[in-house]
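Worth saying up front: this structure is predicted, and the values here are computed from it rather than measured. For the numbers below, each heavy atom of this structure counts, side chains included, while hydrogens, waters and symmetry mates do not. All chains are named by letter (A, B, ...) in the order of the sequence lines, taking the proteins before the strands, and each is independently numbered beginning at 1.
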Amino acid sequence: MVTVRFAPSPTGNLHIGGARTALFNYLFAKNQKGKLLLRIEDTDKERSKKVYEDNIFASLKWLGLEWDELYRQSERMETYKEYAKKLETSGHTYRCYCTKEELDQKRKLYEKLKKPYKYDGTCRKLSPEEAQDKEKKGSPFVVRFKMPSSGQTVINDLVRGKISFENSELDDIIISRTDGIPTYNFCVVVDDALMQVTHILRGEDHISNTPRQIQLYAALGFKLPEFAHIPLILASDKSRLSKRAGAAAVTEYQEEGYLPEALINFLSLLGCSYSASEEIFPLSEIINRFSLKNVNKSAAIFDFTKLDYLNGYYIRQKSETEIAGLVKPFLLKAGITPGEQTLLKVVKLEKERLKKLADIVDSKYFFTEVTEYDPAGMEKHFKDPLKIELFKKFREEIAGIDFKTAELETFTRSFAEKNGKKLGELVHPVRLALTGKLISPGLFEVMEVLGKDTCLKRFDKILQVI
RNA sequence: GUCCCCAUAGACUAAGGGUUAGGUCACCACCCUUUCAAGGUGGUCGUAGGGGUUCGAAUCCCCUUGGGGACGCCA
């Protein structure tokens, strides 16, 4: 059975790039009728935080990416120690007494000499006497893995083909820290092997770790899994996606009013395609069509415009009741408590205009007084005394009719005609009076939703402020 | 700097030796229209550059250039 895993470290909220990796793992697992493991890689005690772990869970669930089994590396220390011991007895590791400071100095020196840094193997070359001496003194040490110094290590990557590395380029990685806690490269190997992970789908940024891990597999006598390195997601300036380049954490997308289905569809399109002519698919169809063969090699740029388009599309697909429920928290957050009936009516008018759920707040004039008017609009429609007179006349006459969309439109059209004006010459100032804005949904619908009382009050109010 | 990866329009991608280089977003125009959306129709824009291989190259090979990643007692 196919087993894949998503292995985030809880050192930050779930990043959009991480979400994409999780998604591809999920898609592959579902497509192959396999299972998806979620493994929290929290061996860095300093930086791992419970809140981040919770955020990762919440974000994955929000996206609808369910996992089958959950593991925490912090709960598996005994296992790692056991395998570290095995490596030690088989002579694949050695103790390194170099301090962080010494290593830092070496790094700086190499940099100065413009030579590529690689651990020089000082402690690998220690004589038994020297080692014993260090041991007697109780010097702190890390455990390093003896990389082969010749030959090549080849990755058979499912999306990229063969990638080869000279073993001489690989340095003796640390597999266990001074405090005895094992490091990433060692834990992943042990875990992936023991958890019988068959396919490792992860970001391209892990390619350079892979040959080291392959050597570890070999030394431990583990069967090698398949590797598939998926392209990274870049910001619009081709830099790595970060807070500066736009929202980075899934939570932030949620807070801005993106729909999980839109985000999923969008993410699924970065680095992959499912059809030569279509791009919008429900998750079930994406699962159906997913194949590593269709995964691209090149990095993809995250395009908010397209995400917004997809989000608008998915919003439009929903029922008005659903949208009302989704949009309500955004209004509440803005300090607006909408009435159910009004909200539903507003949603009906706004649903085609929303890109993000949070955009609903732009239409707060349905719920609160208008306090600001578009200055350009005021200049254009409420400067000319003739226009103001016409507006006043309109206000008086419309007060006598029923505030239903059809009646309002009929009345306004004939009023315009009678006064020798184009419809727009009435619509625009009226809109400004009612919404404070130059843009809104269809004016007569807006008027009906607001109701006669409110409309008349707003007409009077704008006449006072001009 | 060293190693590794990548390269089709502004963006995401299709075409895996023979297509007028296809689709989607964005953009432009027109239609609809009270504005904005949505929708409809049409359009502009692309194989990074240079060498090969081949009857034929976006597609295979090499070089250059550009971009990205890795170089931690982080993952």
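Here salt bridge (charged side-chain N to carboxylate O under 4.0 Å, His left out) pairs that include residues 354-367 of chain A, with residues two or more places apart or in two chains, are A:E256-A:K356. Pairs of residues two or more places apart, or lying in two chains, that qualify as salt bridge (charged side-chain N to carboxylate O under 4.0 Å, His left out) and include a residue from residues 149-167 of chain A are A:R160-A:E204. Residue pairs meeting the side-chain hydrogen bond (donor to acceptor under 3.5 Å, both in side chains) criterion with at least one member in residues 425-434 of chain A, sequence neighbours excluded, are A:R431-A:S440. Evaluation of the salt bridge (charged side-chain N to carboxylate O under 4.0 Å, His left out) test over residues 181-191 of chain A, restricted to residues two or more places apart or in two chains, returns A:R39-A:D191, A:R76-A:D191.
In this structure, CD1 of A:I301 is placed 19 Å from P of B:C25, rounded to the nearest angstrom. Nucleotide B:U59 holds its P atom 14 Å from the NZ atom of A:K297, rounded to whole Å. Rounded to an integer number of Å, the gap from CD of A:E279 to P of B:A26 is 11 Å.
Here the two rings, on A:Y373 and A:F382, have centers that are 6.0 Å apart or farther.
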Task: Protein proximity profile, nucleotides 33-48 of chain B - base contact B, sugar-phosphate-only contact S, no contact -, cut-off 4.0 Å on heavy atoms - done: -BBBBSS---------
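Heavy atoms of A:K114 sit under 4.0 angstrom from primed sugar atoms or phosphate atoms, though from no base atom. At a threshold of 4.0 angstrom between heavy atoms, the contacts of A:S164 are confined to the sugar-phosphate backbone, with no base atom among them. Among the atoms of the strands shown, base atoms are found under 4.0 Å from some heavy atom of A:T178.
Taking only side-chain nitrogens and oxygens, A:N296 never comes nearer than 4.0 Å to OP1 or OP2 of B:A7. Between A:S273 and B:A14 there is a side-chain polar atom (N or O) within less than 4.0 angstrom of OP1 or OP2. At the phosphate of B:C71, neither OP1 nor OP2 sits under 4.0 Å from any side-chain N or O atom of A:R107.
To the nearest whole angstrom, the two P atoms, one in B:U24 and one in B:G42, are 11 Å apart. When the C1' atom is compared between B:A58 and B:U53, the two are found 16 Å apart, to the nearest whole Å. B:A7 and B:G49 have their P atoms separated by 15 Å, with the value rounded to a whole Å. The separation of B:C36 from B:C30, taken at their P atoms, amounts to 12 Å, rounded to a whole angstrom. Between B:U33 and B:A38, the distance separating the two C1' atoms is 12 Å to the nearest Å. Across B:C12 and B:C62, the matching C1' atoms stand 30 Å from one another, rounded to whole Å. Between B:A21 and B:U13, the two P atoms lie 22 Å apart (nearest whole Å).
Shown for residues 42-50 of chain A: residues whose heavy atoms fall under 4.0 angstrom of RNA chain B, namely A:T43, A:D44, A:R47.
Partners of A:F28 under the ring-ring contact (aromatic ring centres under 6.0 Å, His included) rule, at least two apart in sequence or in another chain, are A:H199. Checked against side chain to side chain donor-acceptor pair (under 3.5 Å), A:T210 has the following partners two or more places apart in sequence or in another chain: A:R202, A:H229. Applying the side-chain contact (heavy atoms from CB on, under 4.5 Å) criterion to A:E285, with sequence neighbours excluded, gives A:F281, A:P282, A:N288, A:R289. Applying the side chain to side chain donor-acceptor pair (under 3.5 Å) criterion to A:Y97, with sequence neighbours excluded, gives A:E135. By the side chain to side chain donor-acceptor pair (under 3.5 Å) test, A:S74 is found to be paired with A:D42, residues two or more places apart in sequence or in another chain being considered.
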Considering only nitrogen or oxygen atoms on both sides, find all protein atoms under 3.5 Å from nucleotides 65-70 of chain B and state each distance.
| residue | atom | partner | partner atom | Å |
| --- | --- | --- | --- | --- |
| B:A70 | OP1 | A:R240 | NH1 | 2.8 |
| B:A70 | O4' | A:S208 | OG | 3.3 |
| B:A70 | O2' | A:S208 | OG | 2.6 |

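Shown here, B:G1 forms a base pair with B:C71; the pair counts as Watson-Crick or G-U wobble because both key distances fall under 3.5 Å. Remark: B:A7 base-pairs with B:U65. Criterion, Watson-Crick or G-U wobble with two distances under 3.5 Å. B:C36 is unpaired under the criterion used here, namely a Watson-Crick or G-U wobble arrangement in which both key atom distances are under 3.5 Å.
Using modelled atom types, no side-chain atom of A:K115 and backbone atom of A:K112 make a donor-acceptor pair closer than 3.5 Å.
Side-chain contact between A:F391 and A:L426: absent, with no pair of heavy atoms (C-beta onward) separated by less than 4.5 Å.
Side chain of A:T305, nearest nucleotide from B:C73, B:C6, B:C25: B:C25. Which of B:G1, B:C73, B:A75 sits closest to the side chain of A:Q73 comes down to B:A75.
Both A:R160 and A:Y117 lie near RNA chain B, and the one whose nearest nucleotide falls closer to the 5' end is A:R160. Comparing A:S277 and A:I163 against RNA chain B, the residue whose closest nucleotide sits nearer the 5' end is A:I163.
Remark: A:R95 qualifies as a cation-pi partner of A:F141 under the 6.0 Å distance and 45° angle criteria applied to the six-membered ring.
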